[in-house]
Amino acid sequence: MSRLSRDFFARDTLTVARELLGQRLVRVLDGERLSGRIVEVEAYIGEDDRASHAHCGPTGRNAPMFGPPGYAYVYFIYGMHHCFNVVTERENYPAAVLIRALEPLQGIEAMRARRDGVPNLRLTSGPARLCQALGIDRLFDGADLCAPDALLFIEQDAGVPDDAAATGSRVGVRGNAAALTAPWRFYIRGSRHVSRQ
DNA sequence: GGATCGATCGGCT
DNA sequence: GCCGATCGATCCG
């Protein structure tokens, strides 16, 4: 299995988001491979996107979004949850893809142990759930997913055909501005592992 | 199955 | 001070 290169991420964010469906997120934890098939993502694009953490310009928190592509942006929210994004496009243009849900593939027992024994369908079906299952926390904020020794990276897998890719508005995003109603959520049609049907 | 509500704290204004 | 790219428990049907 080959890893996705920086060139993959250095493209239009909607293209990256769409093509991430069906790829494999891998976390090496205590020498074990924990992995899952990406089944749901959301794109956050530019400072004009008012749903993006970058919409007020660069801050200490969102700095990785303004950095080069292929790096992680991990943030802490609601006082108890982590969410994982992959930075896209070019340096100094803030854009990223939020990984929202996986279908567990490898290391399922280890994931379940980290998630207090919840059933398989809930193990990684949510942005904070998958971070808990894979042990992704703020230590990965700014980590290079393309580094040879990375403990978190994305492997090329089968992908999905266009008729299996569905779109919709982003979860938790409301408002009338064009960017807020844009169909920037992508998910695999019919997957039981997406966070919302 | 779906709706509602409380938990809990870092980052920003 | 305020609020959030959420989750899980609990309620209802």
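Numbered from 1 within each chain, the chains take letters A, B, ... in sequence-line order.
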Would you say R192(A) has more than 12 foreign heavy atoms packed within less than 6.0 Å of its CZ? no

CG of N120(A): more than 12 outside heavy atoms within 6.0 angstrom? yes

Roughly how many Å is it from [atom1] in [X] to [atom2] in [N], rounded to a whole number?
| X | N | atom1 | atom2 | answer |
| --- | --- | --- | --- | --- |
| H81(A) | dG11(B) | NE2 | P | 16 Å |
| F76(A) | dA7(B) | CZ | P | 16 Å |
| Q132(A) | dA7(B) | CD | C1' | 15 Å |
| H55(A) | dG11(B) | NE2 | C1' | 13 Å |
| Y78(A) | dC2(C) | OH | P | 17 Å |
| N85(A) | dT6(C) | CG | P | 11 Å |
| H82(A) | dT6(C) | NE2 | P | 15 Å |
| I136(A) | dA5(C) | CD1 | P | 19 Å |

Any donor-acceptor N or O pair under 3.5 Å, side chains S195(A), E40(A): yes

Verify whether one side chain among D12(A) and T15(A) offers a donor that lies under 3.5 Å from an acceptor in the other. yes

Think [X] has a side-chain N or O under 4.0 angstrom from the OP1 or OP2 of [N]?
| X | N | result |
| --- | --- | --- |
| H53(A) | dA5(C) | yes |
| R129(A) | dG8(C) | yes |
| R100(A) | dT6(C) | yes |
| R115(A) | dG8(C) | yes |

With the stacking rule set at 5.5 Å and 30°, tell me whether Y44(A) counts as stacking on dA5(C). yes

Measure distances between side-chain N and O atoms of Y75(A) and base N and O atoms of dA5(C), and say whether any donor-acceptor pair falls under 3.5 Å. yes

Please determine if R185(A) forms a cation-pi arrangement with Y187(A), meaning its NZ or CZ atom is less than 6.0 Å from the six-membered ring centre and no more than 45° off the ring axis. yes

If you apply the rule side chain to side chain contact (heavy atoms under 4.5 Å, CB included), what do you find for R33(A) with R24(A), and how did you get there? CA-CA 11 Å; R33(A) 272 175 64 104; R24(A) 181 187 297 238; 4.0 Å; yes

Residue pair R138(A)/M80(A) against DNA chain B: nearer the 5' end by closest nucleotide is M80(A)

Using heavy atoms to find the nearest nucleotide of DNA chain C for V173(A) and R122(A) separately, return the residue whose nucleotide is more 5′. V173(A)

Using a cut-off of 4.0 Å on non-hydrogen atoms, how would the nucleic acid contact of R170(A) be classed: base, sugar-phosphate, or nothing? nothing

Base, sugar-phosphate or nothing for A128(A)? Non-hydrogen atoms, less than 4.0 Å. sugar-phosphate

So, do Y75(A) and H53(A) have ring centers that fall under 6.0 Å from each other? yes

Please examine the side chains of C83(A) and L98(A), heavy atoms only from C-beta on, and report whether any two atoms are closer than 4.5 Å. yes

Using a 3.5 Å limit on both distances, find every run of at least three consecutive Watson-Crick or G-U pairs that involves DNA chain C. B:1-7 with C:6-12, B:9-12 with C:1-4

